[in-house]
Asker: 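My structure is below; once you've seen it, I'll send some questions.
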Amino acid sequence: MPQTQHASAASEIDVRSLPPAQRHEKIFERVGQLVPGGSFVLVNDHDPKPLYYQLEAERPRQFSWTYLERGPAVWRVEIGRLQKAA
């Protein structure tokens, strides 16, 4: 059977219902759980660009960041942990 490239519900984290103060903590927890090559889709109510800069500062060149949807009401970003270089 061919595999689809669509993210499953289990690999999506929707932080829109969380208080803003708890969002980054939850996202960083999820990033920390990623295995090399793994990813999840972040769903947010605004552009999470500040999160990108925070991730890059704390974990330089360790993850990928791909916009899937860019607002205006919903932003979806696939965040992945990069494979280690051989």
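Numbers for residues simply follow the sequence, beginning at 1. Below, each value reflects all heavy atoms present in this structure, side chains not excepted, and no hydrogens, waters or symmetry copies. Just so it is clear, the structure is predicted and the values come from calculations on it, not from any experiment.
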Asker: Indicate the atoms forming the closest heavy-atom contact of Ser11 with Ser39, along with that distance.
Answerer: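 Minimum heavy-atom separation between Ser11 and Ser39: CB-O, 4.1 Å.
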
Asker: Can you name the residues that form a salt bridge (charged side-chain N to carboxylate O under 4.0 Å, His left out) with Arg23, not counting sequence neighbours?
Answerer: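 Residues passing salt bridge (charged side-chain N to carboxylate O under 4.0 Å, His left out) with Arg23: Asp45.
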
Asker: Under the salt bridge (charged side-chain N to carboxylate O under 4.0 Å, His left out) rule, collect the residues that match up with Arg16, sequence neighbours excluded.
Answerer: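 Result, salt bridge (charged side-chain N to carboxylate O under 4.0 Å, His left out) vs Arg16: Asp14.
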
Asker: Just to verify, what does Leu42 make a side chain to side chain contact (heavy atoms under 4.5 Å, CB included) with, not counting sequence neighbours?
Answerer: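 By the side chain to side chain contact (heavy atoms under 4.5 Å, CB included) rule, Leu42 matches Ile13, Val15, Ile27, Phe40, Pro48, Leu51, Ile79.
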
Asker: Pair up each side-chain donor or acceptor in residues 56-73 with any protein partner under 3.5 Å, not counting sequence neighbours, and list the distances.
Answerer:
unit_1 : atom_1 : unit_2 : atom_2 : d
Glu56  : OE2    : Arg61  : N      : 3.3
Glu58  : OE2    : Gln54  : NE2    : 3.3
Ser64  : OG     : Gly80  : N      : 3.3
Tyr67  : OH     : Asp47  : OD1    : 2.5

Asker: Shared ILVMFWY cluster between Val35 and Val41, side chains joined below 4.5 angstrom?
Answerer: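 Different clusters: Val35 never reaches Val41 through Ile, Leu, Val, Met, Phe, Trp or Tyr contacts under 4.5 Å.
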
Asker: Just jot down the side chain to side chain contact (heavy atoms under 4.5 Å, CB included) partners of Pro36, sequence neighbours excluded, or say none.
Answerer: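 Partners of Pro36 under the side chain to side chain contact (heavy atoms under 4.5 Å, CB included) test: Arg81, Gln83.
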
Asker: Partners of Glu25 by side chain to side chain contact (heavy atoms under 4.5 Å, CB included), sequence neighbours excluded?
Answerer: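 Applying side chain to side chain contact (heavy atoms under 4.5 Å, CB included) to Glu25 gives none.
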
